[in-house]
Amino acid sequence: MKICICGGGALGHVCAGVLGSDKENEISIYTGHPDRWSDAVEVTDDKGTVYHAVLPKVTDNPELAASNQDIILICLPGFMIESALLAIKPFVGQAKLGSVVSSTGFFFAAHRILGPDTRLFGFQRVPFIARTAEYGHTARLLGYKASLTMATENIDSPQSFRKVIETLFRTPTSLVSSFYEVALTNSNPILHTGRLYALFHDREDTAFDHHILFYREWDDESSRLLIDMDREFFGLLDRLQVTSLPTLLDYYECQDVRSLTDKLSSIEAFKDIRCPMVKTDKGWKADFSDRYFTEDFPYGLRFIKELCAEHGISTPVIDRVLDWGMQRIDLRTRFNPEGSVLRRHQMRMLDILKEVDKICRSHDIPYWLSSGTLLGAVRHGGFIPWDDDLDIELSRSDYLKLIRLLPDALPDWLALQDMSTDKDYFFFYAKIRDRKSHILETNEYDRVFKEHGIYIDIFPLESQPLWVHIISEIAHGHAYKIMRNRTRSDEANMRRVRFMSFVNRCFTYPVLRLLSFLPGRFLTSGLGIPYHNRRDANDIFPLTEVTFEGHSFPAPRDSDAYLRKLFGDYNQLPDLSNIHPHLKEISFDTDMVGSKNSPNK
């Protein structure tokens with residue numbers, strides 16, 4: 001049987017070793033670190049049994065890894081699942097695609113990205129307790145689960161497939177009728193988060209005298225909180241009519257707080273598992289960067305909370321634990337961790353910016369990071385963690401010079417998009433588009449544009465009185481309103497938009513420029529661009545440099561003054577619960593994703 005394992009973590013190592021020890025199975029590994037893997041892996045279990053597997057294929061190329069497979073098994077943390085599904089989407093074919101744990105949104109992401117007919121399966125809980133010993137070489141299997149629960153969708157003969165899984169994982173396996181029964185679990189998202197809250201919520205800065213054992217030192221406070229969270233969780237299961245999942249008390253064959261504490265503190269396979277902590281000069285402290293925080297709060301408990309809110313289930317205890325945990329993980333972990341779709345989007349925009357920067361510097365064209373991009377550079381050292389666009393500014397005269405250069409200066413994977421390159425493009429600023437990706441924005445007005453890839457915006461600035469800019473906004477606004485309300489088949493409306501854009505470009509805006517005052521110290525977005533926040537040239541020139549994602553780019557002379565005039569107290573974070581992305585969908589071309597030819601490399 002041909003099996004592709006996506007992911008190079010502990011579970012990926014153990015799955016490769018155990019499944020690959022059967023000589024009839026051919027294992028491919030899809031990982032971002034193929035150079036760190038040997039062509040064989042060795043796994044030792046808790047009884048001393050050693051599993052040896054030869055790995056004919058370890059690669060970061062999704063086509064080589066996922067094509068012509070019988071089974072594709074996702075062994076990845078929640079934040080990387082969407083990215084992996086996007087990468088392997090063209091190559092899944094007739095393979096049965098599954099996840100070793102389904103409680104971090106696997107089925108929901110697969111439905112959205114791969115469509116409703118994909119052959120899917122997923123486990124309720126992980127099949128092993130696993131740890132990596134030497135990355136890419138050896139791992140430890142600390143214990144098998146007594147049984148596995150699995151859901152399938154669109155798989156012919158589910159019982160026959162169940163037997164295949166049972167054989168592969170050497171564990172009795174049962175089927176459930178709904179993916180909800182494995183997508184929702186009270187394992188890690190409830191058990192881990194409840195334990196962490198009970199242990200650290202009032203001792204975040206406490207230095208402990210030893211590295212606490214997660215289960216062996218379990219206490220009654222943790223058990224009591226766990227039972228309360230589980231009770232709220234089952235309110236959701238009752239609403240969804242999920243009946244196969246046992247309560248935590250039933251699962252561990254306990255009756256109350258005391259018996260649950262005794263049980264969890266005495267499980268032999270769990271005895272050496274330690275709490276997420278780091279050693280400091282004063283002792284052991286909570287490690288909020290550990291996956292127990294970065295995985296189980298944002299990609300576990302939050303998912304349960306959102307479903308509860310959707311179905312009107314009150315969850316005061318879960319809310320308290322979730323709020324505490326989310327406040328303790330950093331913003332990058334919460335919004336754009338490495339490997340996530342948003343982070344890949346940001347890195348592609350960074351690659352575009354580097355190409356534009358190279359052209360501007362070689363032709364002595366001054367530009368600077370602007371708006372939210374500059375804010376991200378100053379406040380975060382790079383992208384605002386939840387941001388999905390990138391803006392630069394320059395004077396109108398330099399903008400016109402740059403636009404003339406770009407068609408010949410850009411590499412083949414990039415394209416200039418403005419009114420001269422796209423007859424249906426009606427904005428009075430330019431975009432540089434990536435030709436190896438595709439995005440669909442929430443406004444959907446760009447569906448008629450010629451290019452649809454990831455982009456950065458280039459805004460021209462010019463001097464003008466406010467009344468001139470307001471007239472230009474009104475003139476452009478009519479075209480914008482028609483464009484937003486048009487249908488795909490309404491070519492008449494599109495002709496109106498083209499005509500209005502032509503009139504504005506050739507008559508309205510040239511006349512307004514003649515009526516403008518002589519150039520002064522205040523700049524605003526160019527005519528036809530609906531943003532009239534004024535920039536003070538004294539804040540911008542002479543330009544300086546700022547670090548953005550580890551690279552140096554031009555920035556205004558006084559970024560603090562520039563940002564305060566745009567945003568006020570820009571160091572104050574917005575309401576993070578009200579963050580909304582600009583994009584509905586994003587995909588990356590397969591010859592770019594995971595390929596050495598990718599501009600991300």
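Using a 4.0 Å cut-off between charged nitrogen and carboxylate oxygen, Asp319 and Lys305 count as a salt-bridge pair. With respect to the salt-bridge test (charged N to carboxylate O, under 4.0 angstrom), the residues Glu232 and Arg320 do not qualify. Ionic pairing of Arg224 and Glu221 is not present here: no N-O contact between side-chain nitrogen and carboxylate oxygen is shorter than 4.0 angstrom. One finds no salt bridge joining Arg195 and Asp296 here, because no Lys/Arg side-chain nitrogen approaches an Asp/Glu carboxylate oxygen to under 4.0 Å.
Closest approach of Glu82 and Ala109 over heavy atoms only: CG-CB, 3.9 Å. Heavy-atom minimum distance, Arg379 versus Ile384: NH2-CG2, 4.2 Å. Nearest heavy-atom pair, Val43 versus Gly17, reported as atom, atom and distance to 0.1 Å: CG2-CA, 3.7 Å.
Outside the 6.0 Å centre-distance limit, the rings of Tyr180 and Phe107 are not counted as a close aromatic pair. Between Phe208 and Trp284, a ring centre-to-centre spacing not shorter than 6.0 Å is recorded.
Cation-pi geometry between Arg36 and Tyr135 is satisfied (NZ or CZ under 6.0 Å from the ring centre, within 45° of the ring normal).
Remark: the His210 side chain and the Glu217 side chain contain an N/O donor-acceptor pair separated by less than 3.5 Å. Using modelled atom types, one finds no donor on one side chain facing an acceptor on the other under 3.5 Å when comparing Asn336 with Ser340. Side-chain contact check for Thr59 and Asn61: no donor-acceptor pair (N or O, by modelled atom type) lies under 3.5 Å. A donor-acceptor contact closer than 3.5 angstrom is absent between the side chains of Glu295 and His192. A donor-acceptor contact closer than 3.5 angstrom links the side chains of Ser259 and Asp256.
For Lys57, there are no salt bridge (Lys or Arg N to Asp or Glu O under 4.0 Å) partners, not counting sequence neighbours. Contacts of Asp70 classified as salt bridge (Lys or Arg N to Asp or Glu O under 4.0 Å), with partners at least two apart in sequence or in another chain: none. With sequence neighbours excluded, the residues forming a salt bridge (Lys or Arg N to Asp or Glu O under 4.0 Å) with Asp228 are Arg231, listed by chain and number.
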Side-chain donor/acceptor pairs under 3.5 Å, residues 245-253, sequence neighbours excluded:
residue: Thr247; atom: OG1; partner: Asp250; partner atom: N; Å: 3.1
residue: Thr247; atom: OG1; partner: Asp250; partner atom: OD2; Å: 3.2

Report, one line per pair, each donor and acceptor closer than 3.5 Å where one atom sits in a side chain of residues 119-129; sequence neighbours left out.
residue: Arg119; atom: NH1; partner: Gln94; partner atom: OE1; Å: 2.9
residue: Arg119; atom: NH2; partner: Gln94; partner atom: OE1; Å: 2.7
residue: Gln124; atom: NE2; partner: Glu181; partner atom: O; Å: 2.6
residue: Arg125; atom: NH1; partner: Ser187; partner atom: OG; Å: 3.4
residue: Arg125; atom: NH2; partner: Asn186; partner atom: OD1; Å: 3.4

Throw together a table of side-chain donor-acceptor distances under 3.5 angstrom for residues 163-172, partners on residues two or more places apart or in other chains.
residue: Glu166; atom: OE2; partner: Arg162; partner atom: NH1; Å: 3.1
residue: Glu166; atom: OE2; partner: Thr173; partner atom: N; Å: 2.8
residue: Thr167; atom: OG1; partner: Lys163; partner atom: O; Å: 3.0
residue: Arg170; atom: NH1; partner: Val18; partner atom: O; Å: 3.2
residue: Arg170; atom: NH2; partner: Ser21; partner atom: OG; Å: 3.4
residue: Thr171; atom: OG1; partner: Phe169; partner atom: O; Å: 2.8

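You'll find the side chain of Asp39 stays beyond 4.5 Å of the side chain of Val54, heavy atoms only. In this structure, the side chains of Val50 and Glu42 come closer than 4.5 Å at one or more pairs of heavy atoms. At a threshold of 4.5 Å between non-hydrogen side-chain atoms, the residues Thr206 and Glu204 do not count as touching.
Of the possible polar contacts, none joining the Arg274 side chain to the Ile212 backbone as a donor-acceptor pair under 3.5 Å is found. Between the side chain of His13 and the main chain of Gly136, a donor-acceptor pair closer than 3.5 Å is present.
The aromatic rings of Phe214 and Trp218 stand perpendicular to each other, their planes meeting at an angle above 60°, with 30° marking the opposite boundary. Using the six-membered ring where Trp is involved, Phe297 and Phe293 have ring planes that are parallel, under 30° apart on the 30 and 60° scheme.
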task: Apply ring pair (Phe, Tyr, Trp, His ring centres under 6.0 Å) to the pair Phe179 and Phe106, showing each step before the final yes or no.
output: CA-CA 10 Å; Phe179 77 89; Phe106 165 71; 9.8 Å; no
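A distance of 10.5 Å separates CG of Leu225 from CG of Leu196, quoted to the nearest 0.5 Å.
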